[in-house]
S.K.: 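The structure's right below; bear with me while I get my questions together.
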Protein chains: 2
Amino acid sequence: MKIGELSSMTGVSIRSLRYYEEQGLLTSVRMDNGYREFSPLAEEQVRTIQFYLSLGLTTEQIASFLTCVLKNKEAFCEEVLPIFEQKLKEIDGQLLLLSQIKTNLQDRIRSIQEER
Amino acid sequence: MKIGELSSMTGVSIRSLRYYEEQGLLTSVRMDNGYREFSPLAEEQVRTIQFYLSLGLTTEQIASFLTCVLKNKEAFCEEVLPIFEQKLKEIDGQLLLLSQIKTNLQDRIRSIQEER
DNA sequence: ATAAACCCTGACATTAATGTCAGGGTCAAG
DNA sequence: CTTGACCCTGACATTAATGTCAGGGTTTAT
């Protein structure tokens, strides 16, 4: 299928699909006219990419295990676990920071409201 | 005082001090030689700026109430409350998103570990 | 008077995925 | 054969605070 079809089937912009290909997340063959031709499997693949992106992984991280994950269960791909664990640590750090800021903001808001 | 002094007193880079001035957060007068001269009050002011930055506010938001806040209590500055409340909403949104991702990651990590 | 340590401005780089535009081919239907 | 709907590449823009470099003036101490 052509890139426009893949785009409308997945809801992912053509620009992003080209970017995924550039980053090695997606492959296509070129037709005589230079157009990209994607396999039907690409749809599933794009959804998988989007899913991992929604977990906050980078294209580079996704690229490191995508091929394996598309063929096997996640548990089968050695790369996956360390990346998930690292991401989890990052998120815990962010959660901590954000809660501290939240508490601080709430305190200040409260004290402003009391003072009025 | 000169910018280098202000920088070492506050731990904020010269580059950032110039940026704060550019964004209207900080003022200085120019000496005959073109050097910036800061008032002694600038030290406190820089710390205040850094504090609000650490809450995740932008220089633009800070600029909108900094002058008032430097002279009065926060409760006195009308601008402050809506900005704090908006930021709080933002943070709640981020917290929610991050916790969802965290849960998802934890589930996946667990299921990988079980499968090994 | 020279060297070290300041200061100045202006500009480009950083991050990461995506939007958007320009300039130009290709294809299909009328 | 023309028009509209595709496709291509390449490039710049986005965000926000900060780092860094170049090229050049100033001050201070020796």
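Chain identifiers are assigned alphabetically (A, B, ...) following the order of the sequence lines, protein sequences preceding nucleic acid strands; residue numbering begins at 1 within each chain.
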S.K.: Which nucleotide, dA16(D), dT9(D), dC7(D), lies nearest any side-chain atom of Tyr19(B)?
M.R.: dA16(D)
S.K.: Which of the following nucleotides, dA16(D), dT18(C), dC7(D), is nearest to the side chain of Lys2(A)?
M.R.: dC7(D)
S.K.: Rounded to the nearest Å, what distance is computed from the CD1 atom of residue Ile3(A) to the P atom of nucleotide dT18(C)?
M.R.: 13 Å
S.K.: Using whole Å, what does the distance between atom C1' of nucleotide dA5(D) and atom CD1 of Ile14(A) come to?
M.R.: 11 Å
S.K.: Over how many whole Å does the gap from Lys87(A) atom NZ to dA16(C) atom P extend?
M.R.: 10 Å
S.K.: Is it true that Glu115(A) and Lys73(B) make a salt bridge, defined as a side-chain N closer than 4.0 Å to a carboxylate O?
M.R.: yes
S.K.: When rounded to the nearest 0.5 angstrom, what is the spacing between OG in Ser39(B) and CD in Glu44(B)?
M.R.: 11.0 Å
S.K.: To the nearest Å, give me how far apart CG (Leu6(B)) and P (dC6(C)) are.
M.R.: 15 Å
S.K.: Is a donor on one side and an acceptor on the other found under 3.5 Å between the side chain of Thr103(A) and the backbone of Ser99(A)?
M.R.: yes
S.K.: May I ask you to decide if the ring planes of Phe84(B) and Tyr52(B) are parallel, tilted or perpendicular, using 30° and 60° as cut-offs?
M.R.: tilted
S.K.: Would one find a side-chain N or O of Arg36(B) under 4.0 angstrom from OP1 or OP2 of dC8(C)?
M.R.: yes
S.K.: Rounded to the Å, how far apart are Glu5(B) CD and dA5(C) C1'?
M.R.: 13 Å
S.K.: Are Val69(A) and Phe76(A) joined in one hydrophobic group, where the rule is that I, L, V, M, F, W and Y side chains link up if heavy atoms are under 4.5 Å apart?
M.R.: no
S.K.: Would one find a side-chain N or O of Tyr20(A) under 4.0 angstrom from OP1 or OP2 of dA17(C)?
M.R.: no
S.K.: Once hydrogens and angles are ignored, does a donor-acceptor distance under 3.5 Å link the base of dT9(C) to the side chain of Arg18(B)?
M.R.: no
S.K.: When the distance from CG of Leu17(B) to P of dA17(D) is rounded to whole Å, what number comes out?
M.R.: 14 Å
S.K.: Tell me which nucleotide among dC8(D), dT18(C), dG19(D) gets nearest to the side chain of Ser16(A).
M.R.: dT18(C)
S.K.: Which of residues 22-35 of chain A have a heavy atom under 4.0 Å from DNA chain C?
M.R.: Asn33(A), Tyr35(A)
S.K.: If you measure from the Lys or Arg side-chain nitrogens to the Asp or Glu carboxylate oxygens, is any gap between Arg36(B) and Glu21(B) under 4.0 Å?
M.R.: yes
S.K.: Rounded off to whole Å, could you give me the CZ-to-P distance for the Arg15(A) and dA11(D) pair?
M.R.: 12 Å
S.K.: Mind listing the residues from residues 54-66 of chain A sitting with a heavy atom below 4.0 Å of DNA chain D? Number order is fine.
M.R.: none
S.K.: Rounded to the nearest 0.5 Å, what separation is found between the CG atom of Leu57(A) and the CD atom of Gln86(A)?
M.R.: 9.0 Å
S.K.: Among Glu43(B), Gln50(B), Gln45(B), whose side-chain hydrogen bond (donor to acceptor under 3.5 Å, both in side chains) with Arg47(B) holds?
M.R.: Glu43(B)
S.K.: Starting at atom CD1 of Ile49(A), determine the distance to atom P of dT18(C), rounded to an integer number of angstrom.
M.R.: 10 Å
S.K.: For Leu105(B) and Lys87(A), run side chain to side chain contact (heavy atoms under 4.5 Å, CB included): C-alpha distance rounded to whole Å, both residues' side-chain angles, the deciding distance at 0.1 Å, then the answer.
M.R.: CA-CA 8 Å; Leu105(B) 279 174; Lys87(A) 189 70 201 175; 3.7 Å; yes
